[in-house]
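Data block below; observations after.
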Amino acid sequence: MSRYEPRVIEGKWQRIWADEGTWEVPNPGDGGFESDKPKSYVLEMLPYPSGEPHVGHLKVYSVGDAIAHFRRRNGFEVIHPMGYDSFGLPAENNAIKTGEPPRVATERSIEAFREQFTEWGISIDWTRELATHTPEYYRWTQWIFLQLFSRGLAYRAEAPVQWCPNDATVLANEQVIDGRCERCGTEVETRSLEQWFFRTTEYADRLLADFAKLDSWPDHVITMQENWIGRSEGAEVVFRCEAAGIDFPVFTTRPDTLFGATFFVLAPEHPALAELVAGTEAEQAVDEYVGQVARATVEERGDEGRPKTGVPLGRTVTNPVNGEEIPMFVADYVLMDYGTGAVMAVPAHDERDFAFAGTFGLPVRRVIESVTDQAGADRDEPGAAGELPYTGDGPMVNSGRFDGLDNREAYDRIVAWLDEEGRGESSVNYRLRDWLVSRQRYWGAPIPIVYCEKCGMVPVPDDQLPVELPEVDDYAPRGKSPLEAAGDWVNTACPDCGGDARRETDTMDTFVDSSWYFLRYLDPHNDAAAFSREAADHWMPVDQYIGGVEHAILHLLYARFFAKALADLGHLGVTEPFANLFTQGMITRDGAKMSKSKGNTVSPAEYVGRHGADAARTYVCFMGPPERGGDWTDEGVEGVHRFLARLWRVTDEIAGPEGEEPEPFETPVAGDLEGPAREVVAKAHWAIEKATGDFNRDFQFNTVIAAVMELVNEIYRVKDDLLDDYTGRRALRFATATATSLIQPFAPHLAAEAYERLTGDRVWETPWPEADPAMLRSDSVTIVVQVNGKVRDRIEVDEGAEKDEILAAARSAGNVARHLEGSEIVKEILVPGKLVNLVAKPS
RNA sequence: GCGGCGGUGGCGGAACUGGUAUACGCGAUGGAUUCAAAAUCCAUUGCCCGCGAGGGCAUGUGGGUUCGAUUCCCACCCGCCGCACCA
């Protein structure tokens, strides 16, 4: 008898798969392409290569690989590639500290990742491997940038931006969390700088509308993106300051409350502010206030509970609906980067305006009655007893000719009237802003633009791509890109006129790299295009995307934007890149997020070394439903290892001596079986049914594996009775082969070895098994008998037993009869094949 | 505050359409094997009462619907995640 030695088995099959290129798939037009097979693109989010893979990686690739295997064995041509998101700040920060070039550290990490993925036995088509930091890849990142530029979707503009003083670079809004840098936690400042943007706002509506195409995306991911895009409908209304001769458009979602506007507020950054107060009494106070706000951190300003502050401007604007002059203020609760940077304040019906009015003693005028005193009113609504602010619906008051109308009705009428008068129009606003893509850092794809004294901003022609990242000595950020120091590289000739020109020295946000990598996998060696349209048309969209929720907004939104933009440019036939998304939960240890500082990290390599890749992979899939998190325990991995060893031992016992030709493998037929042989074969069919169902139902891998464990337990229960005769051995061999076949997506090496020993076949080339309906039924069934809803006994009845027969048996079952004594049955309920409930009351 | 997800044994979790609550694993206890241990195999394992047969109580709390509720409805408590001065 041979021991279960995972390292030996795993090495053996990994070599076979590598030598044979088992997981490689050809493109349409290539030799060996099978056009009759349906395709399936299974993709996990690509890793950022830093150090070694951690358990999060183990989980995402174990889950993805299980899906890939399952699809292959269900007849799909599965493309399952791997690559590295290898530009990024950690490598660069390391370079600043140690002086080691980011490329060197990054490529070392890539080696380590590749090695681990190979040891885990993930079924990857390595011929499609890519790394985003290589010129072969970022050449096409630059090309896409220029494609966007040619359509005006990439543009340069001065804008107030979020600046991280520690990383000395700008951040996208998405990279600022609670006023702090997502990466280093430093408080973010606001600066006004010239930066590159992608016009994501142009796609806001389509990004929202196309959620309809993504029915299997988790709701919370869609909700987060919807919140992020933040579409709100309302109206733009113009308030004019006659004295200064300036029009102030505002965006409001409540044009129905226009008659209640009693003051008007500008954001401290509003461009017209200085002009409004220049040379007036208010000038000094306003300047002081604006300076004070500018010094405050983003976090301080964002605090909602803080008392409202502001300064009167000594100016008024005219309310277009009633001609009223209302006073102007500057206040930091109004944000420059949402709407127009100015708001009409309606204190009676807006909590923030109400608070401000309270502080400054401003009038509050109700224009909507609360509906408290009407029938069916909700008394718990704020403002129910008539107090303000009231944000609910009701009839209009103090609103001239709109009085008495329901406010929803008045909304439409007021907007229509403003439109006729040319003083406003209905309007839609988004929280989403354009994507800021330039970074003042070294380790990224250079932006392929040249500034010529004569010609201005000139795109680098396609045939001069890539603009290669030059070598530099000093990676430290100084507020501008370290590339500024590479003089030979910066100074160049203008592609248009040949005159003196300078290169753009900013690099691209690494989210640009990862917004299209799934397309490059489809045609990774193409040096004439980013990818061929034919390959993309065949493989896209990604049928199953797998990754962590932490990318719910950033990466997924950007990739969706790219797909739409590339489709509009004619390079792609789909507008949504990821048809189905599965987000896996995080693995913790001792209930806490793993971190080096806590010293509670789990090194996958250690466990793979100790128990084998199959055990480590199966364990992360067994911990719980994969979309939820789970707590890693050593006992848990050991338990799974024990189970695999148990499966291995029974295989060894049933298959006979190693190296011997297995007996011909036949599927046992229902009619030929009885007793334990029938039971174990029936259990195998039950396990097939259960595993297949749970696989298809949201990837419930924990219960798939539990079903295989049950089957193995059943094999142990009956094996000593069956090993002696031919029929028994055949039944056992079928059951054991079924167990190995079903565990294959999780433990592919053990499965390959065991299945070959049992059947002579290659399990990964064997179609996923199908349950025989005849074997799922049994001749007799156990019926639970309840009296008044409590289980009192169980009876065995024939499969086809008549209703009356079952009820009679139920009534006379020993313990049931006792409970029925002295009572009269008033109702009998029969759930076929399951249960009888006898409802009785004292007679 | 708003939105989402969740609360089941000592622990991770299962229970698909309202029908045997606690599958499977971990841990624990006992037994077999062993000189002994490890490993392995077998058995027991929600709590309480009972020698037993059996009975009672249990799915965060309180109500409701139903012959029957972890599952549906109402109110509430707790935990996690996201958003949060967005006009």
Side-chain angles (χ1 to χ4, degrees), chain A residues 3 178 218-224 226-228 230-232 234 250-254 257 265 267 301-306 308 331-335 337-346 349-353 355-356 382 429-432 549-550 552-553 585-586 619 622-625 627-640 642-643 645-646 649 690 693-694 697-698 700 702-710 712-713 716-717 720 782-794 814-815 818-819 826-840:
Chain A
R3 264 171 52 92
D178 293 332
D219 290 340
H220 63 275
V221 172
I222 291 179
T223 306
M224 282 163 74
E226 279 172 347
N227 286 344
W228 191 260
R231 181 181 205 272
S232 49
V250 297
F251 174 75
T252 177
T253 54
R254 297 295 304 274
T257 64
V265 191
R301 181 164 171 189
D303 182 6
E304 190 180 345
R306 211 170 39 112
K308 296 276 177 287
D332 67 359
Y333 80 92
V334 175
L335 309 175
D337 51 11
Y338 184 79
T340 61
V343 302
M344 65 172 208
V346 185
H349 304 289
D350 181 281
E351 289 178 27
R352 299 149 303 177
D353 297 342
F356 191 86
N429 225 300
Y430 299 92
R431 210 180 77 111
L432 180 74
V549 236
E550 62 272 24
I553 298 174
M586 198 178 49
Y619 175 58
F622 181 64
M623 290 170 82
E627 74 273 16
R628 297 230 294 260
D631 205 53
W632 179 283
T633 64
D634 288 2
E635 291 80 10
V637 208
E638 282 158 25
V640 169
R642 208 175 297 156
F643 156 68
R646 195 167 146 87
R649 278 193 302 275
K690 170 82 178 154
D694 288 353
R697 189 165 59 89
D698 259 356
Q700 285 229 357
N702 53 328
T703 55
V704 173
I705 295 162
V708 184
M709 287 173 167
E710 281 197 58
V712 172
N713 289 345
Y716 270 79
R717 195 177 68 81
D720 291 343
T782 306
I783 302 278
V784 167
V785 185
Q786 298 180 332
V787 177
N788 290 331
K790 294 201 170 179
V791 180
R792 297 301 181 189
D793 217 330
R794 275 149 236 265
N815 202 37
R818 270 191 22 191
H819 281 272
V826 294
K827 198 169 180 182
E828 296 175 323
I829 288 136
L830 172 71
V831 181
K834 288 209 162 150
L835 150 153
V836 168
N837 189 12
L838 304 173
V839 185

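Residue numbering restarts at 1 for every chain, and letters A, B, ... go by the order of the sequence lines. For the numbers below, each heavy atom of this structure counts, side chains included, while hydrogens, waters and symmetry mates do not.
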Sequence neighbours excluded, which residues qualify as ring pair (Phe, Tyr, Trp, His ring centres under 6.0 Å) partners of Phe622(A)? none
Tell me which nucleotide, if any, is Watson-Crick or G-U wobble paired with C5(B) when both distances must be under 3.5 Å. G79(B)
Mind checking Arg794(A) for me? I need base, sugar-phosphate or nothing, with any heavy atom below 4.0 Å counting as a touch. base
Using the P atom in both, what is the distance from A23(B) to C16(B), to the nearest Å? 15 Å
Syn/anti state for G62(B) [syn: chi within 90° of 0]: anti
OP1 or OP2 of G55(B) less than 4.0 angstrom from a side-chain nitrogen or oxygen of His819(A), does that happen here? yes
When both distances are under 3.5 Å in a Watson-Crick or G-U wobble arrangement, the nucleotide paired with C51(B) is none
Which part of the nucleic acid does Thr782(A) contact within heavy-atom distance under 4.0 Å: base, sugar-phosphate only, or nothing? nothing
Note: for Met224(A) and Ile705(A) on RNA chain B, the residue whose nearest nucleotide lies more 5' is Ile705(A)
Base, sugar-phosphate or nothing for Arg818(A)? Non-hydrogen atoms, less than 4.0 Å. sugar-phosphate
If A23(B) has a Watson-Crick or G-U wobble mate with both distances under 3.5 Å, name it; if not, just say none. none
Counter-base of U66(B), judged by Watson-Crick or G-U geometry with both distances under 3.5 Å: none
Taking side chain as C-beta onward, heavy atoms only, is His819(A) less than 4.5 Å from Leu838(A)? no
Ranking C67(B), A87(B), C83(B) by distance to the side chain of Arg431(A), first place goes to C83(B)
In sequence, state the C-alpha distance, the side-chain angles, and the governing distance for Ile222(A) and His220(A), and then conclude on side chain to side chain contact (heavy atoms under 4.5 Å, CB included). CA-CA 5 Å; Ile222(A) 291 179; His220(A) 63 275; over 6 Å; no
From the set A87(B), G55(B), C24(B), return the single nucleotide nearest to any side-chain atom of Asn815(A). G55(B)
Looking only at the side chain of Arg642(A) (C-beta and beyond, no hydrogens), which of the listed nucleotides G55(B), G27(B), A87(B) gets closest? G27(B)
Is Asp332(A) salt-bridged to Arg306(A), going by a charged N under 4.0 Å from an acidic O? yes
Within the 4.0 Å heavy-atom criterion, would you say Gln700(A) contacts the bases, only the backbone, or no part of the nucleic acid? sugar-phosphate
So Val839(A), base contact, sugar-phosphate only, or nothing? Heavy-atom distance under 4.0 Å. sugar-phosphate
Hey, does the side chain of Thr703(A) come within less than 4.0 Å of A15(B)'s phosphate (OP1/OP2), counting only N and O? no
If you measure from the P atom in G64(B) to the same atom in A69(B), how many Å do you get, rounded? 12 Å
Look at the side chain of Arg646(A) and decide which nucleotide, out of A23(B), C42(B), A21(B), has an atom nearest to it. C42(B)
Detail all sub-3.5 Å separations between protein N/O atoms and N/O atoms belonging to nucleotides 7-13 of chain B.
| from | atom 1 | to | atom 2 | distance (Å) |
| --- | --- | --- | --- | --- |
| G12(B) | O2' | Met623(A) | O | 2.9 |

Which whole number of Å gives the distance between the P atom of C77(B) and that of A14(B)? 27 Å
Which pairs, with at least one residue in residues 782-793 of chain A and sequence neighbours excluded, count as a salt bridge (Lys or Arg N to Asp or Glu O under 4.0 Å)? none
Can you check the distance between A53(B) and A58(B), where both ends of the measurement are the C1' atom (answer in whole Å)? 23 Å
With the side chain of Ala706(A) defined as its heavy atoms from C-beta on, choose the nearest nucleotide among C67(B), C85(B), A23(B). A23(B)
To the nearest angstrom, how far is Asn227(A) atom CG from C83(B) atom P? 9 Å
Is any side-chain heavy atom of Val839(A) closer than 4.5 Å to one of Asn788(A)? yes
Span that lies between the C1' atom of G10(B) and that of U45(B), in whole angstrom: 11 Å
Are side-chain heavy atoms of Ile705(A) and Tyr619(A) found at a separation under 4.5 Å? no
Base, sugar-phosphate, or nothing for Val334(A), non-hydrogen atoms under 4.0 angstrom? base
When you measure from the side chain of Arg649(A), which nucleotide among U40(B), C24(B), A87(B) comes out closest? U40(B)
Base, sugar-phosphate or nothing for Tyr716(A)? Non-hydrogen atoms, less than 4.0 Å. sugar-phosphate
Would you mind telling me which of G19(B), C85(B), A15(B) lies closest to the side-chain atoms of Gln786(A)? G19(B)
Roughly, in whole Å, what's the span from CG in Asn713(A) to C1' in G25(B)? 10 Å
Nearest-Å distance for atom pair CD/P, residues Glu638(A) and A38(B): 14 Å
For Lys790(A), report the nucleic acid contact type (base, sugar-phosphate, nothing); a contact means any heavy atom under 4.0 Å. sugar-phosphate
Write down the distance separating the P atoms in U65(B) and C73(B), rounded off to the nearest Å. 16 Å
Of all heavy-atom pairs between Phe251(A) and Gly339(A), which one has the smallest distance, and what is that distance? CB-CA, 4.3 Å
Checking base pairs now: Watson-Crick or wobble, both atom distances under 3.5 Å. What partners A28(B)? U44(B)
Whole angstroms only, please: what is the CD1-C1' distance between Ile222(A) and C5(B)? 15 Å
Taking atom P in both U44(B) and C57(B), what distance in whole Å separates the two? 26 Å
Looking at Asn429(A) and Ser232(A), would you say the former's side chain and the latter's main chain have a donor-acceptor pair under 3.5 Å? no
What's the spacing between Arg794(A) CZ and Leu835(A) CG if we round to 0.5 Å? 10.5 Å
Measure from CD on Glu635(A) to C1' on A28(B) and round the result to the nearest Å. 13 Å
With a non-hydrogen cut-off below 4.0 angstrom, is Gly639(A) in contact with a base, only sugar-phosphate, or nothing? sugar-phosphate
Per the atom types in the model, does the base of C67(B) pair as donor or acceptor with the side chain of Asn837(A) at under 3.5 Å? yes
Find the distance Arg3(A):CZ to A38(B):C1' and express it as a whole number of Å. 12 Å
To the nearest angstrom, the NZ-P distance between Lys827(A) and C67(B) comes to 5 Å
Rounded to the Å, how far apart are Lys834(A) NZ and A21(B) P? 12 Å
Using a cut-off of less than 4.0 Å, is there contact between a side-chain N or O of Arg792(A) and OP1 or OP2 of G55(B)? yes
Are Thr252(A) and Met344(A) packed together at the side-chain level, in the sense that at least one heavy-atom pair is separated by less than 4.5 angstrom? yes
Counting only Watson-Crick pairs (N1-N3 plus N6-O4 or O6-N4) and G-U wobbles (N1-O2, O6-N3), all under 3.5 Å, who is the partner of A39(B)? none
With no hydrogens and no angle check, do the side chains of Asn713(A) and Arg646(A) hold a donor and an acceptor under 3.5 Å apart? yes
Quote, to the nearest angstrom, the C1' distance that separates A39(B) from G55(B). 42 Å
